There are 2 protein chains.
Amino acid sequence: MNSNALITHIRQYTSLNNEEAVLLEGSVEIRELKKKEFLLKEGEICTANYFIIKGLLRSWFTTEKDAEQICQFAIENWWMTDYQSLELRQPSGFNIQAVESTTVACLPRDRQDALFAAVPQLERYFRIILEKALNAAQLRVKYIFSLSGQERYDHFAGGFPEFIQRIPQYMLASYLGFTPEFLSKIRAKRIS
Amino acid sequence: MNSNALITHIRQYTSLNNEEAVLLEGSVEIRELKKKEFLLKEGEICTANYFIIKGLLRSWFTTEKDAEQICQFAIENWWMTDYQSLELRQPSGFNIQAVESTTVACLPRDRQDALFAAVPQLERYFRIILEKALNAAQLRVKYIFSLSGQERYDHFAGGFPEFIQRIPQYMLASYLGFTPEFLSKIRAKRIS
DNA sequence: CGATTCTTTGAAAACAGTCAATCTGTGTGG
DNA sequence: CCACACAGATTGACTGTTTTCAAAGAATCG
């Protein structure tokens, strides 16, 4: 698997000639991850931005009560990283882990500046990508605050039925902000 | 009041010579808002990105139960807009409103592309700003999920003591995701 | 098949919301 | 300058949603 998916994605948002595409390909590294493999662990400094060519990542952290709290899922054509750790070179408070067998393109932090200098349109590409990501994060906050647990499940299950198949229920429960037991009870009600 | 604060802010993240600064000044419009004045109302299409020179904005929406749910506060040197409405020219699901008397620099959507073409470093500036904003949004989700109402109040009150002075408690309660009554009870406990 | 991981179920408890009444402060108009 | 109105804050009783804990039941993987 190669970086064609990434180049195609970038060309949806900005121009990129073949020379530039070659520069990009020289700056990213394709990595194959097995299910449950980590790209980042809490306490480590995040070293790259990850673009998902195929598969599914999750980011999560450990709460004070030793529970896993899932922050985000990322599927094909999404970027995932911890920007705070990446840009400030600080230890991260998050884990990034493959939910299923996954292929990513890694853009290492130490190659990013040179690449952006050589291909300035990438600044534009990431600006647009980040606008979308920020929007998604804000919509998430909106749903968390305006919907009950039951409603969040209905909304999510209705909006992403195919996605539900790819993740275990305990991860969905964590993402939606409640316990696996409660999700189980919601489903029991729904079926009857 | 003029756009010096904005130019100073941009120069913290990227270069900007005097010609470029003039182009920028020609593209933004300074606006004075009275307390409670709106920059955007639910259902309208958002037409600009707003940089706060002085004052305090909040973004909020109306829940199904007709309650105001606050999404964000923004103070001096922050940008606020609804990117989804701005970029896709869709009706917004949010309100943006002055909490106190506020001065903003407005960058209208219909001038943005020409400005970015003339001053490409602004793509970089906004990329960096958006990374920070995305980070803040993700930390917010982290706190919502890992802390109880009581803990969220303690964390916020400890982290931004001066900010607490600027907003009424019912707004803080909404931002933290609980009712004004509950906040009142938290405070009663803390004092004793 | 055995072992682990995931899901379901039920009872008790905790946390936060709702509603209604009261209290406080602030600003405005007469 | 006072009185009143109104927005915001507090309090208490009651309700409801979600969690916790413990145990048992399915499903999946090597």
Side-chain angles (χ1 to χ4, degrees), chain A residues 33-38 56 58 60 62-70 73 95 97-101 141 143-157 163-192, chain B residues 34-38 56 58 60 62-70 73 97-101 141 143-157 163-192:
Chain A
L33 301 169
K34 280 179 244 162
K35 185 170 172 173
K36 298 197 179 173
E37 204 172 335
F38 285 83
L56 174 53
R58 63 170 179 147
W60 57 278
T62 310
T63 67
E64 286 170 16
K65 289 165 195 154
D66 268 348
E68 290 178 9
Q69 176 59 55
I70 294 182
F73 292 109
N95 305 278
Q97 188 185 19
V99 174
E100 56 190 45
S101 152
V141 173
Y143 291 129
I144 291 169
F145 281 140
S146 63
L147 303 178
S148 68
Q150 169 101 246
E151 289 168 328
R152 288 203 298 281
Y153 175 75
D154 291 344
H155 180 264
F156 195 89
F163 187 72
I164 299 274
Q165 309 300 322
R166 293 170 73 176
I167 53 171
Q169 291 191 13
Y170 78 92
M171 285 192 193
L172 178 59
S174 173
Y175 178 75
L176 293 176
F178 44 71
T179 59
E181 292 93 331
F182 184 61
L183 176 52
S184 194
K185 283 160 193 169
I186 288 174
R187 287 165 51 84
K189 270 196 219 160
R190 254 171 106 40
I191 292 158
S192 63
Chain B
K34 280 180 244 160
K35 185 172 172 173
K36 298 196 179 174
E37 204 172 334
F38 285 83
L56 174 54
R58 63 170 181 149
W60 57 277
T62 309
T63 66
E64 286 170 16
K65 290 166 197 155
D66 267 347
E68 291 180 7
Q69 175 59 54
I70 294 182
F73 291 108
Q97 189 185 19
V99 175
E100 57 190 45
S101 152
V141 173
Y143 292 128
I144 291 168
F145 281 141
S146 63
L147 303 179
S148 69
Q150 167 102 246
E151 290 167 328
R152 288 204 297 283
Y153 175 75
D154 291 344
H155 180 266
F156 196 88
F163 186 72
I164 300 275
Q165 310 300 321
R166 294 170 73 176
I167 52 171
Q169 291 191 13
Y170 78 92
M171 287 192 193
L172 178 58
S174 174
Y175 177 76
L176 293 176
F178 44 71
T179 59
E181 292 94 331
F182 184 62
L183 176 53
S184 198
K185 284 161 193 170
I186 288 174
R187 287 164 51 84
K189 268 196 220 162
R190 260 174 94 57
I191 292 158
S192 62

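Computed from a predicted structure; not experimentally measured.
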Contact letters for nucleotides 11-17 of chain C, in which S counts primed atoms plus P, OP1 and OP2 and B counts the base, heavy atoms under 4.0 Å: B----SS
Please give, in whole Å, the distance from D/dT17 C1' to A/Leu183 CG? 15 Å
Check: A/Tyr175 ring centroid to A/Phe156 ring centroid under 6.0 Å: yes
Which residues pass the side-chain contact (heavy atoms from CB on, under 4.5 Å) test with A/Ser101, sequence neighbours left out? none
Where A/Ser146 and B/Thr63 come nearest, the two heavy atoms and their spacing: CB-CG2, 4.3 Å
With B/Arg152, which residues qualify under side-chain contact (heavy atoms from CB on, under 4.5 Å), at least two apart? B/Leu147, B/Leu176, B/Phe178
Nearest heavy-atom contact between B/Phe182 and B/Gly149 is CE2-CA, 4.2 Å
Nearest heavy-atom approach of A/Ile70 to A/Ser174 is N-OG, 2.8 Å
Applying salt bridge (charged side-chain N to carboxylate O under 4.0 Å, His left out), can you list everything that pairs with B/Glu151, at least two apart in sequence or on another chain? none
Pairs counted as Watson-Crick or G-U wobble with both distances under 3.5 Å: what dot-bracket string results for DNA chain C, using | for bases tied to another strand? ||||||||||||||||||||||||||||||
Apply side chain to side chain contact (heavy atoms under 4.5 Å, CB included) to A/Phe163 and A/Leu172, showing your working. CA-CA 10 Å; A/Phe163 187 72; A/Leu172 178 59; 6.0 Å; no
Start with the C-alpha gap between A/Phe73 and A/Met171, add the side-chain angles, then the distance that decides, and say whether side chain to side chain contact (heavy atoms under 4.5 Å, CB included) holds. CA-CA 10 Å; A/Phe73 292 109; A/Met171 285 192 193; 4.0 Å; yes
Protein-to-nucleotide contact annotation, 5' to 3' order, nucleotides 22-30 of chain D [B base; S sugar-phosphate only; - none; under 4.0 Å, heavy atom]: ---------
Roughly how many Å is it from NZ in A/Lys189 to P in C/dT8, rounded to a whole number? 14 Å
Report the distance from atom CG of B/Leu172 to atom C1' of D/dG8, rounded to the nearest whole Å. 14 Å
Using OP1 and OP2 only, check whether a side-chain N or O of B/Arg187 sits under 4.0 Å from D/dA9. no
Going by the side chain to side chain donor-acceptor pair (under 3.5 Å) test, name the single residue among B/Gln97, B/Glu68, B/Gln69 that passes it with B/Trp60. B/Gln97
Mind calculating the distance between OH (A/Tyr170) and P (C/dT9) to the nearest angstrom? 20 Å
Taking all atoms of both residues into account, what is the closest heavy-atom pair of A/Ala98 and A/Lys34, and its distance? CB-O, 3.6 Å
